[in-house]
Structures are given as C-alpha cells and as structure tokens.
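Whatever order the structure lists ligands and atoms in, that order sets their numbers, starting from 1.
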Amino acid sequence: MEIITRFAPSPTGYIHIGNVRSAIYPYLVARQSNGKMILRIEDTDRARFVDGATELIEDTLEWLGINWDEGPIVGGQNGPYFQSERQEIYHKWAKKLIESGRAYADPTTPEEIEAYRKECTEKKIPFLYRNFRPKNTPEWKPGIPLRFKSEPKEYAWHDEVMGDMHSGPEVLDDIILIKKDGYPTYNFAHIVDDAEMGVTHVMRGVEYLSSTPNYLAIYEALNLKRPKLVSLPHILAPQGNKKLGKRDGAKSVTEYRDDGILAEAMMNYLASLGWNDGTEQEIYTKEELIRKFSLDRIQTSGARYDETKLLWLNGQWIRKIFTEQGAEALYARTENFWPESAKSYSDEYKIKVLSIIYDRLKTLSDLRNMTNYFFEDPRIDLDMIINNKFLKKISESEIESLLKQTIAKLTDIEKWDEDDLQNALNELLLETGKKPAELFSLIRIAISFAPFSPALNLTLNVLGKETSLARLNSVARSI
Ligand code: GLU
C-alpha cells in the first residue's frame, strides 16, 4: 500500500520552529517509502487567518528542502488543497451523517449552552453536551451549527509513538462538525480530507491525542478505515517545563534562515530533536535522515529546545559544505551576510576571505562582524594599541621597535604567499625573542583590530602586501 502523509498547517502566521517538525517527519516517512506527501492548508478558521501566511509556509518548506507531491502550487488529483475551497465536500460528508442519524442541526443558543455549563459547574459534574442534546432539531441549513451525535462507548487504538491507548465513554461528546458560518471545524474537516486524499499516516502534535476518541467515533460513523495515528511529542522550552513558545526565544524558521542558519542544519537539528537512530551520530544529511528515520524511535516525552546545539550543528554544516562541496558552494550561500563594506569587492576576494574564516563561523551572519577589516581600513593608532587588553605587557617603546622590525621583515618578502609569510613570522619571533602570543597579537591588532582572526600568515596573505604594510606603517607613523 502506498504511504501517504501530509502536513496540514493553519495559515495563522509564520511557521514556528516548534511546528515545523510536523512537516519534516511526514516528509521523511513519505520519501523513504516512495510514497506521497501532501500539503494541505487548513484555513477554515477565518478569524485566525493571516494574509500571506500560506506563502510564508511554502517558502519555509522550500527553503528546508521539503517538497510536496500534492498541494498548493503543484496541484494534484485530490484538490483543492485549501480547506476553504472544499465546502461542498464537507457538506456532502455531513449529509451522510445526517442521513444515518449521526449528526443533527443544533438550534441551541450560546446563552443556553452557557447556562448548561454553569449548571454542571454548580453540581460539580463534568459538562457533556450530549446530556443536553435538544429534543427537537430543525432541518440543517446554513446558519445552524451541525453536531455529531455521539454514543458513549470505549475505544482502544494504537498510536505509533505513544503505544496502545484506551479511552472511556466520558471523553465522547457531541462535537460541532460544521459551524454557524458554514465552515467545518478542524475536527470534522481533517477527517474528511484525510479520507478523500487517501492519507495513511496522520502525523501531528500530541495535543490532538485527547480528542482522538471523538475522531475514532466519526471514522466509525462514516465507515472509514482509521489511518495510522502518530502523535509527535512537544518541543519544550529550554528549561523543559513547558511547550516551546515565542517567549522562550523560539523564532520563526525564516528568522533563523535570515540569521544565517543553513537549511541542512535546521533540518538535521529538528529531525533529531526527539528522535535518534540508536547510534551516537549527530550529523545527518537529508538523504541519511530519509534512509534512517523510523517512527518507532521517536521518543514519547517532549524534547527540549537547545539553541546552543543548533548553533553547533550549524557550524559543523558550514565546515561540511566547505570541505565536501568546496569554497564556492559555501560562498553561494553567503550573499546576504557580508558587511556593507564588502559590496565593492570581487567574488574572488570574498571567497578568499571565506576560505580562511569559515571554520570559525557559527552562523553565516557572523561574517558581518568578523570580516570588516578585510574590506575597510580599521584606522588603528597607537592609543588603540597601547590600550588593548592583549598588549598590556608590551611597553610603548617596545611596540615601536617591534612594529619597525615587522615592517622591515615583511617588506622584504617577495612572494607574499602563505609559506613565505609563515617563515618571515617565525624569523621575527627568533629575532625579537618574543612569544607568539605577544608579537602576533600586536601584528594582528595593528592590521585588523580584531580580538581574533584566522592564522596571521593567512590573514596577511588575503589582505595583500600593500594593504598590510600600509596599515602597519600607519600605526608606526602615529607613534
Ligand atoms: N491545522 C492543524 C494545526 O495547524 C493541523 C493539525 C493536523 O496536522 O492535523 O495545528
């Protein structure tokens, strides 16, 4: 049987990092079995609809490398893929339930419902709508909510993550299927859509687990085969005490992209948040995830969001792309992350800069504050050198003579390549009797004013002889 999964987001804003795993896992399951992945936009809650949110969802998925076989943009035989355009389909299925006596139009007013609720609170009994079901119900027409007619019974089912589940009659109720505005509720629409679209694996957040018995009752009333149910545990705030929310620093996926996180790292991080293949492996390509992912290794408890881990993985991915695909492949990802001053420089020069700095980057946006001195003169003078905390131990007169010796030595270099530069620097160490931590810090600070930089010979090499000497001379002249 072909495996068909789906991601069914509601277009209520951007895709939050805590939600996007509900797209990644169905994608992996569909791809590993040569099945199908559907994207369905659940936009029937018109009050929460946000303009542009669908496009943001599509962009996010595309960036992550998650493609879908049916859905917006690509179409498919089971469309439309926006729930708001599927009214007739829901009404057709609603009528089946009315005909079999399992749904009724409910004329009860919100005030009456409130009064029933209050009555239960006062009597300290649970409020179950089915105990207040109206005796006479009108014919169903738009403007009147349609409710499911529940039957108190027990259910047993298997959740692919949570295991064998069981529920009693007290959780079953007359839930609303179609609202007053004619739009279906999530509870009804997703069942109809999953059935019409042939979805075999319903993978979604664990928050839907408590409503599952009501869904099972609807499957049964409609004579539908239950799909496999897969409840994905929550992603928790770093403290582990609650579901990850905006206030815990959870950003939208596109914000991470704009901050210089690579799609590969994001996919890798989120897929392994609450799942592992039983080994110590931490870096997974998408292809490996597709091969190795399995539902039975999803953990049942929530997984803590850990930004430090994400940044670490991102650094690993930056190195991986550089070493496996080459400097140009990594450079192609960096367009939006260079400092303003880099604009007028050639790609060739920026690739050189990237090649000596990539292994220090955690995010691509680190380029913005770690590479300025390759593109603009940091205009360093003696005061800046004397007051520098790394150079406190060197006296002013010593700084002067060290700079002069350095200038003389470097001026004599002919080839200005990495090796000649390293030789010259080694000779300087011998001649001055200084430790690298002192002499090299002085030179580094005089040419870059950066607290850290790539190896000195590499930095000098990329800056070029003219620029390097001009900077050293300008500091020496200020003495
Ligand atoms: N539209 C629901 C949500 O965004 C989808 C739940 C599901 O995947 O069925 O939470």
Pick from Arg102, Arg226, Lys225, Lys153: which one makes a salt bridge (charged side-chain N to carboxylate O under 4.0 Å, His left out) with Glu220?
-> Lys153

More than 12 foreign heavy atoms under 6.0 Å from NZ of Lys242: is that the case here?
-> yes

Amino acids contacting ligand 1, non-hydrogen cut-off under 4.0 Å | Arg6, Ala8, Pro9, Ser10, Glu42, Tyr186, Arg204, Tyr208

What orientation do Phe127 and Phe132 show, parallel under 30°, tilted 30 to 60°, or perpendicular over 60°?
-> tilted

Please determine if Arg319 forms a cation-pi arrangement with Phe322, meaning its NZ or CZ atom is less than 6.0 Å from the six-membered ring centre and no more than 45° off the ring axis.
-> no

Among residues two or more places apart or on two chains, list those pairs meeting side-chain hydrogen bond (donor to acceptor under 3.5 Å, both in side chains) that have a residue in residues 125-137.
-> Asp106-Tyr129, Thr108-Tyr129, Arg133-Asp174

For a ring pair (Phe, Tyr, Trp, His ring centres under 6.0 Å) with Tyr284, tell me which candidate from Tyr269, Phe293, Trp275 qualifies.
-> Trp275

